[in-house]
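Before any comments, here is the structure.
Side chains included, hydrogens not; waters and symmetry mates left out as well; all remaining heavy atoms used. By convention in this document, chain letters (A, B, ...) are assigned in the order of the sequence lines, proteins followed by strands, and residues within each chain are numbered from 1.
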There are 2 protein chains.
Amino acid sequence: MVDVARAAGVSLKTVSRVANNVPTVSPALVERVHRAMHELGFQRNNAAAHLRSGRASATIGLIILDLANPFYSTIAAAAAEVAQRHHTQLITASSGRDPARERELALDLCERRVDGLIIVPTGDDQSYLRPEIDRGTPVVFVDRPPTGLDGDTVLIDNRDGAREAVRQLLVEGHRDIGVVTDALNTYTMAERVAGATEELLAAGADPDAHRIEVGTDDPATAGAAVAGMLDAPDPPSAIFCGNNRILTGAIEELLRRRSGVRLAGFDDFEFAHLLPYPMTVVGYDTRALGRLSAELVFQRGHDSTRALTKYVVATYLVRRGVDPGLPHEREPRVG
Amino acid sequence: MVDVARAAGVSLKTVSRVANNVPTVSPALVERVHRAMHELGFQRNNAAAHLRSGRASATIGLIILDLANPFYSTIAAAAAEVAQRHHTQLITASSGRDPARERELALDLCERRVDGLIIVPTGDDQSYLRPEIDRGTPVVFVDRPPTGLDGDTVLIDNRDGAREAVRQLLVEGHRDIGVVTDALNTYTMAERVAGATEELLAAGADPDAHRIEVGTDDPATAGAAVAGMLDAPDPPSAIFCGNNRILTGAIEELLRRRSGVRLAGFDDFEFAHLLPYPMTVVGYDTRALGRLSAELVFQRGHDSTRALTKYVVATYLVRRGVDPGLPHEREPRVG
DNA sequence: TTGAAAGCGCTAACAT
DNA sequence: ATGTTAGCGCTTTCAA
């Protein structure tokens, strides 16, 4: 900036004013300064600019589990859109489900003086964020609630979605309903199983008769679990899958054995309507998760005193899949 | 930091050393400083730290078209992984296919002093990056080559992939082959059509007999285009689709009319193996695009004199889809 | 409307 | 091993 000032024959401060579009600079000088900037290839240093003024960095951070997963990348895209409206950049980082890395990333982003933080918590203790929150950094938790401290949170109505899906199976007459899930030590999966269990109990069915915790969301492993379930003495006539990857594993297995077992699952997804197996899935507005989280960050940035907010995104049931001519919707065994 | 120094009864510089893990500080002082840091809730300011030292910002930027698109989010995830290995954060921003926004984002990121930039160019002129490159910022273009200046580039072998796919259809005896594409003013689509055209010409077939530029990648619109193609006087016996969204649109239409037209398309995708229509798709390593781009950024960061690098990621053919019992692989009309 | 001086929070260079 | 001083590139006083 000093060089530009010298080249333009003005003071450093005038250059600063021009760089910040301060209106009280004479057009002639503005012109001269612009020319000098161009010639020298001047580029203002953002960090230095923010240093003295203590202004915000115009950056918010997002820590998700895995950017390659469409669920999380959709959240990121929606959050980025809100950020853009606030003239803010979004830094997205993946924790890879590693609590230590989640913490590292969060603290690194705070050191970069982000104006806010959105986190999908993976560890079982977010209390390390206490100092940051006290310092005034807005922190919002999305998809899973925090542990060890309280904070603004945006969740899916996992429990109710699972209840609805299972109720649908019950309404259709099914009583022997399998429940296949990923590891239950994650909040979302635990909630979904809780919802399914509640509904089964309410209907007088045994919620544990056909329950498998696959412990991974690998479709092949889930498919194998489904195979085992169907080969057992009293196989279920319908299966509820805890997420879409388990659901596709189940579909593969059911197609393989040309089974007509009724299928339901959590998560809607692209191409679900094209899969050759009819099913009922629990849909929800994934973008809303990212949008609401980002909006909360900016709201709290403006008013740090407001009460804690908890959003719960609603779910709905959708019929998906096409019938490839298998004996679907077979009569459930009543009783 | 001054406060910490006072609280610990040491000089500012000692605090700085402790913050940077400089080994030549006596354990007793380290302990005292750490305690003071904790009590005051001290947090070092990253920007200020980098300011004087002129060190890198440990950040690289990635500008893609749309984070919600799995293709781009996969690139982002792979790039982020490489960045992490270099103790660097990745800022991902979506241009939304808007050239003006691409430029804005790129310059904003440069102002933030990113250590490198990866761009999926959407505009037809990237010469605005000249000053940045001259200043020493490594810039890598991915998925599409830059226009208006030269630079390190990572591309998919679009042309060859399309050739292979069409050749497969030709080998199977098809001569009347439809080509359905998105807008041809994007590099990738133009290359794919060029490849298809080359192969059709080489086989003595008319490359323009059944060609439709849908001009969007909306599946429904693509499906309608396919419908029109099949309702024409001399319908093709096989169709090559320029990308996976057009391909799924075609599948929906073909399923609807229980047509057995042979299908091939560019892009492999999740669940393709489960779709109820047999097809041949052009696969490639999407993660490699992100990985190679990021690696190029860091390589050029270390050695700005190396010659321009152009990587071309290979493609391969895969059979996807399941047969729902339609009259597929019907005998093509020979001649 | 323009400019000079001080200082943001930290690190580099040079003492001690 | 520790402290002192200058200064990164900019913005904010405050003065002209």
Side-chain angles (χ1 to χ4, degrees), chain A residues 1-34 36-37 40-59 107-115 131-132 135-137, chain B residues 1-37 40-59 107-108 110-115 131-132 135-137:
Chain A
M1 225 178 216
V2 184
D3 300 338
V4 174
R6 193 172 16 242
V10 297
S11 82
L12 188 160
K13 179 61 215 180
T14 302
V15 179
S16 166
R17 281 195 253 262
V18 171
N20 291 306
N21 295 315
V22 173
T24 66
V25 183
S26 79
L29 282 194
V30 172
E31 173 58 25
R32 279 223 317 267
V33 171
H34 271 144
M37 281 176 165
L40 298 184
F42 169 79
Q43 195 189 45
R44 171 236 233 124
N45 183 324
N46 211 283
H50 289 347
L51 186 53
R52 172 62 212 251
S53 61
R55 261 183 316 163
S57 62
T59 313
L107 296 178
D108 178 294
L109 289 171
C110 288
E111 210 171 74
R112 285 162 191 266
R113 291 293 191 271
V114 290
D115 306 331
E132 309 304 333
R135 198 176 286 117
T137 308
Chain B
M1 223 179 217
V2 185
D3 300 338
V4 174
R6 191 170 21 241
V10 297
S11 82
L12 189 161
K13 181 63 213 180
T14 301
V15 178
S16 167
R17 281 195 253 261
V18 171
N20 291 305
N21 294 315
V22 173
T24 66
V25 184
S26 80
L29 282 192
V30 172
E31 173 57 25
R32 277 218 324 262
V33 170
H34 271 142
R35 197 187 310 282
M37 282 177 164
L40 299 183
F42 168 78
Q43 195 189 45
R44 171 235 234 123
N45 182 323
N46 211 284
H50 289 347
L51 186 53
R52 172 62 214 252
S53 61
R55 261 183 315 163
S57 62
T59 313
L107 295 179
D108 178 293
C110 288
E111 209 171 75
R112 286 163 191 264
R113 292 292 191 274
V114 290
D115 305 330
E132 309 305 334
R135 199 175 286 116
T137 308

[atom1] of [X] versus [atom2] of [N]: gap in Å, rounded?
X: Asn46(B); N: dG9(D); atom1: CG; atom2: C1'; answer: 16 Å
X: Glu111(A); N: dG9(C); atom1: CD; atom2: P; answer: 15 Å
X: Met1(A); N: dG3(C); atom1: CE; atom2: P; answer: 14 Å
X: His50(B); N: dC8(C); atom1: NE2; atom2: C1'; answer: 17 Å
X: Lys13(B); N: dT5(D); atom1: NZ; atom2: C1'; answer: 12 Å
X: Met37(B); N: dG9(C); atom1: CE; atom2: P; answer: 15 Å
X: Asn45(B); N: dG9(C); atom1: CG; atom2: P; answer: 8 Å
X: Arg32(A); N: dT2(C); atom1: CZ; atom2: P; answer: 9 Å

Below 4.0 Å: OP1/OP2 of [N] and any side-chain N or O of [X]:
X: Asn20(B); N: dT11(C); result: yes
X: Ser16(A); N: dT11(D); result: yes
X: Arg55(B); N: dA12(C); result: no
X: Ser11(A); N: dG3(C); result: yes
X: Thr14(B); N: dG3(D); result: yes
X: Ser26(A); N: dT2(C); result: yes

Answer yes or no: is there a side-chain heavy-atom contact under 4.5 Å between Met37(A) and Val15(A)? yes

Check whether any side-chain heavy atom of Val18(B) sits under 4.5 Å from a side-chain heavy atom of Leu29(B), and report yes or no. no

Touch check for Leu12(A), heavy atoms < 4.0 angstrom, all strands: base, sugar-phosphate only, or nothing? base

Would you indicate what Val25(A) reaches in the nucleic acid, counting non-hydrogen atoms under 4.0 angstrom: base, sugar-phosphate, or nothing? sugar-phosphate

Ser53(A) or Thr24(B), whichever maps to the more 5' nucleotide of DNA chain D: Thr24(B)

dG3(C) base / Arg17(A) side chain donor-acceptor hit below 3.5 Å: yes

In a check of side chain to side chain donor-acceptor pair (under 3.5 Å) between Arg112(A) and each of Thr59(B), Asn46(B), Asn45(B), which one passes? Thr59(B)

Using the side-chain heavy atoms of Leu51(B), tell me which of these nucleotides is nearest: dC10(D), dG9(C), dT1(C). dG9(C)

